[in-house]
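Have a look at the structure below, then the notes.
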Amino acid sequence: MPWKAQVLPSKGAERLTSMTTPASEQQTALFDEVYTAYKEFVNPPLARFMKMAGAGVELETRGCRVYDHTGKSYLDFCGGYGVFTLGYMHPRVVAAVRAQLDRIALSSRVFFNAQTAALAKALADLAPGDLKITFFSNSGTEAVEAALKLARLSTKRTHIVSTFNGYHGKTMGSLTATGRGVFRDSFRPLVPEFDHVPFGDLDALERVLPGAAAFIVEPVQCEGGVIIPPDGYLRGVRELCDRHGVLLIADEVQTGLGRTGYLWGVDREGVVPDVLAAAKGLSGGVIPIGATISKTEVWMNAFGSSPLLHTSTFGGNPLACTAGLAALEVLMDERLVERSRDNGAYLLEQARRLHRSFPDVIAEVRGRGLVVGVELTHEGYGGVLIPQCLKRGLTVAYTLNQQRVIRLEPPLIVSKPEIDEAMSIFDQALAQSREKLGALSAV
Ligand SMILES: Cc1ncc(COP(=O)(O)O)c(C=O)c1O
């Protein structure tokens, strides 16, 4: 057999930091082996780009930190693009999953499964208003895809409205709803009968809404550059959808489960959508999961007489649902939603302080809870800033739709001293970027 499953050192960080000279050769050999495999078998251009940015091989993750193959520690303010709400490897979630693994890993699908039932019930308790029935899947885009199909079938209409600059995933339906040309254009023709309107603009929405099946919207456009809509927008959306008999789908894949300082992003305005898509942090960053939660009437209209029209082999598997239940318990017990609001306000204040120090590099800082966007005056600064942060032990990333915006999206368990540490590194990286690039004219 030319290949074999390779077990890397499980306590990589501690082991590798205590290594002497031969270890550094081992470290280099490990990096070269993994990098070469990425370059040949995973994604050649991305591998080169990641190497240039200074990414190592991750060997261990704990709390808010990632440790690379040299034992170096990184404070993670990228947070797996919103996945690690509980930090990495939360012990309660890991223990619950370990125990479940000894009993049933994947479901037979022929029998009822207790974990699936329990998580669906917990979600009905925690979801806004009367959202009650959950379809489980394995990712954010699948959760959105299910929501779109549910809306079409339930209303017997086909037209879907979404927002420019929104991000809903990359499978065909979700991609069609996504509002960034560069992701969509290469895959035309996309799904027909989709329209986009400007985010935050109720007049534009009302013009296209009559006759639509659904309007899909994020409470905050996270990948769009952390764009926060005007106050009252979601309430206005709800009213318009009610007036025209259109379903409101809240894409809470990233904003859900405490990220914005509310359990759900829609809670801030007390809005109850007809369908809600969740994923990312739902299973505590331990097992992938997606969930589409809908009102009973909406679900019954769509699937009441055809329960197998939309299915997923792995959706709702016992491991993911066990992780989900444990993650929800931790979210509540550790009061992480409140923590997100408090520490989010602190992070925003610190980032705004940096804006005042670097007005030539930072154009604007905005955020809600623990998702903060730092808009740069010039896209070019990001290319230096991100590697400079990495070099100093901090991970940050662009938002997917807006490369001029750097997201600060740490786990909700982040502490104020960790925020201070991250902002001190960010400060040094900003200074270095300015020194390297000087004043760039705005793009
Ligand atoms: C709001 C939103 N919806 C959907 C998705 C797609 O999720 P996934 O990458 O798990 O398919 C994302 C991912 O960033 C997202 O932020």
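One-based numbering, in listed order, for ligands and for the atoms of each. Not measured: the values here are computed from a predicted model. Because only heavy atoms are used, hydrogens play no part in the values below, and waters and symmetry mates are left out as well, while side chains stay in.
- Shown here, atom 16 (O) of ligand 1 is in close reach of the protein: a heavy atom of it lies under 4.0 Å off.
- Salt bridge status for Asp342 with Arg335: absent, with no side-chain N to carboxylate O gap under 4.0 Å.
- Not a single heavy atom of Tyr81 sits under 4.0 Å from any atom of ligand 1.
- In this structure, atom 5 (C) of ligand 1 lies nearest to the protein heavy atom Val253 CG1, 3.7 Å.
- Of the polar atoms of Glu142, none of the N or O atoms is found under 3.5 Å from an N or O of ligand 1, judged by distance alone.
- Residues Glu418 and Leu75 have side chains in contact (heavy-atom distance under 4.5 Å, counting atoms from C-beta outward).
- Contact record, Arg366 with Val226: NE-O, 2.8 Å, taken as the closest heavy-atom pair.
- Ligand 1 places these atoms under 4.0 Å from at least one heavy atom of Glu218: 1 (C).
- Ion pairing of Lys295 with Glu297 is absent here, as no side-chain N (NZ or NE/NH1/NH2) approaches a carboxylate O to less than 4.0 Å.
- Counting heavy atoms closer than 4.0 Å to ligand 1, residue Lys170 contributes nothing at all.
- Aromatic pair Phe135/Phe303: centroids not less than 6.0 angstrom apart.
- Counting heavy atoms from C-beta outward, Glu223 and His168 have side chains that stay 4.5 Å or more apart.
- Contact annotation: for Glu223 versus ligand 1, heavy atoms closer than 4.0 Å belong to the side chain alone.
- The shortest N or O to N or O distance between Thr141 and ligand 1 is below 3.5 Å.
- Considering only non-hydrogen protein atoms, atom 2 (C) of ligand 1 sits nearest to Tyr167 O, 3.3 Å.
- Backbone and side-chain nitrogen or oxygen atoms of Gly140 are examined, and one is located within less than 3.5 angstrom of a nitrogen or oxygen of ligand 1.
- In this structure, the protein non-hydrogen atom closest to atom 14 (O) of ligand 1 is Lys280 NZ, 2.9 Å.
- For the pair His244/Glu206, a side-chain contact is recorded, criterion being any heavy-atom separation below 4.5 Å from C-beta on.
- Aromatic ring orientation, Tyr381 versus His378: perpendicular (interplanar angle above 60°, classes split at 30° and 60°).
- Less than 4.0 angstrom separates some heavy atom of Asp251 from each of these atoms of ligand 1: 1 (C), 2 (C), 3 (N), 4 (C).
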